[in-house]
Asker: 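To start, I am sharing the structure in question, which I have written as structure tokens.
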Amino acid sequence: MKQKTKMIHGGIVGDPHTGAVSTPIYQVSTYKQDGVGNHKGFEYSRTGNPTRHALEELIKDLEGGHAGFAFGSGMAAITGVMMLFNSGDHVILTDDVYGGTYRVMTKVLNRMGIDSTFVDTSDLSTIEAAVKENTKALFIETPTNPLLKITDVEAAAALAKKHGLLTIVDNTFSTPYWQTPLSMGADIVLHSATKYIGGHSDVVGGLVVVRSEKLAEELHFVQNSTGGVLGPQDSWLLMRGIKTLALRMEAHEKNTAAIVDFLVEHPAVEKVFYPGLESHPNHEIAKKQSGGFGGMVSFDVGSEEKAEEVLSKVKYFTLAESLGAVESLISVPAKMTHASIPAERRRELGITDGLVRISVGIEDAEDLVEDLKHALN
Ligand SMILES: *Cc1c(COP(=O)(O)O)cnc(C)c1O
């Protein structure tokens, strides 16, 4: 089955009891037992809920793993995965990971004795140099935000394996429609389903898929013990979102290509960051490992004042954090999503004050280009 078909026919389709073609929302906490311990597979909804289970089966099929898990947010998913490790363990992460990932590693999990190092994972030698005796995992985000850096998942996972590390990939930006990290050797893939998977700016959720039965048992134990599960209503919304994920990703891709073509030619734009550009340093790797380059693009207009002017003039790009939804969004990372990173560190990473990030929606491409043209002129 191809990905597009799986989005409709994967997982558990419909309701076997009534024939309903949409999975019902089992808004329930507990389940009647016919005798002590004699139940139909569900005992208590933290441990398992039929609607959440249907979503977990679907994401498992889409990522091609052994088991899926739905959490209350992307951060709950990432934290759940990190709970597989012990005090004294060390994790290597991509240097421009999502800000929330940086925060939980350096301000919360560090207090539990889980140590982290952030390196440019697009350069394999920097990963190898960071491996210590107690390193247990490599956490990659690709493409990254806001600079759209690309890590070669297959090569990085092979390197991690050589050192006995688990490879974890945050696949939020690509989604399983464009990229399936488990097929490239990763052990765990995870998502902020709040973004493209949900796709309509109406739900917060996180998803994880693991490669092996052993990891599935361990993560289920963590999820059930710590309790950060996704509710049935939100699980249903994510399944509804996945039904159109393929169509949306293709629409994002097409619109983004038109916008990038326009931006690279515009004299007010100093630099465009997009893995689909041949000038992108890892364009060939992006092409090899992903079916599409995604709907996120960043561009530098030279100064904070100019960036703010662009933001104030656009009509169809909503000034907001988050990404991956049907409506186009615009932001200035240095002042918004990455404001918590010290200015000097931002400069090191290349996140300038004039950098504008857009999440391209599925509106008409001509309208979006016209809008940016007006704002830039
Ligand atoms: C948003 C985001 C997260 C966090 O997800 P939430 O659903 O907001 O908790 C993690 N990783 C990436 C790449 C994200 O964009």
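Remember, it's a predicted structure, so these values are computed and weren't measured experimentally. Indexing begins at 1, ligand by ligand and atom by atom, following the structure's order. Residue indices begin at 1 and follow the sequence shown.
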Asker: Is the shortest side-chain N to carboxylate O distance from Lys4 to Glu250 below 4.0 Å?
Answerer: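 Answer for the salt bridge query: yes.
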Asker: List, for ligand 1, each N/O atom that has a protein N/O partner under 3.5 Å away, with both atom names and the distance.
Answerer:
from	atom 1	to	atom 2	distance (Å)
ligand 1	5 (O)	Ser192	OG	3.0
ligand 1	7 (O)	Gly74	N	2.9
ligand 1	7 (O)	Ser192	OG	2.9
ligand 1	7 (O)	Thr194	OG1	2.6
ligand 1	9 (O)	Gly74	N	3.0
ligand 1	9 (O)	Met75	N	2.9
ligand 1	11 (N)	Asp170	OD2	2.7
ligand 1	15 (O)	Lys195	NZ	2.7

Asker: Taking the hydrophobic residues Ile, Leu, Val, Met, Phe, Trp and Tyr, and joining any pair whose side-chain heavy atoms are under 4.5 Å apart, which ones share a cluster with Val229?
Answerer: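 Its cluster mates, by chain and number: none.
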Asker: Using the six-membered ring of Tyr98, assess whether NZ or CZ of Lys195 lies under 6.0 Å from its centre and within 45 degrees of the ring axis.
Answerer: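 The answer is yes, since Lys195 meets both limits relative to Tyr98.
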Asker: Would you check if the distance from the ring center of His53 to the ring center of Tyr26 is below 6.0 Å?
Answerer: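 Centroid separation for His53 and Tyr26: 6.0 Å or greater.
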Asker: Hydrophobic clusters here meaning ILVMFWY residues chained together by side-chain heavy-atom distances under 4.5 Å, can you tell me if Leu138 and Leu109 are in one?
Answerer: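 Cluster IDs for Leu138 and Leu109 differ.
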Asker: Are Asp34 and Lys32 close enough for a salt bridge, meaning some N to O gap below 4.0 Å?
Answerer: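 Looking at Asp34 and Lys32, the cut-off is met.
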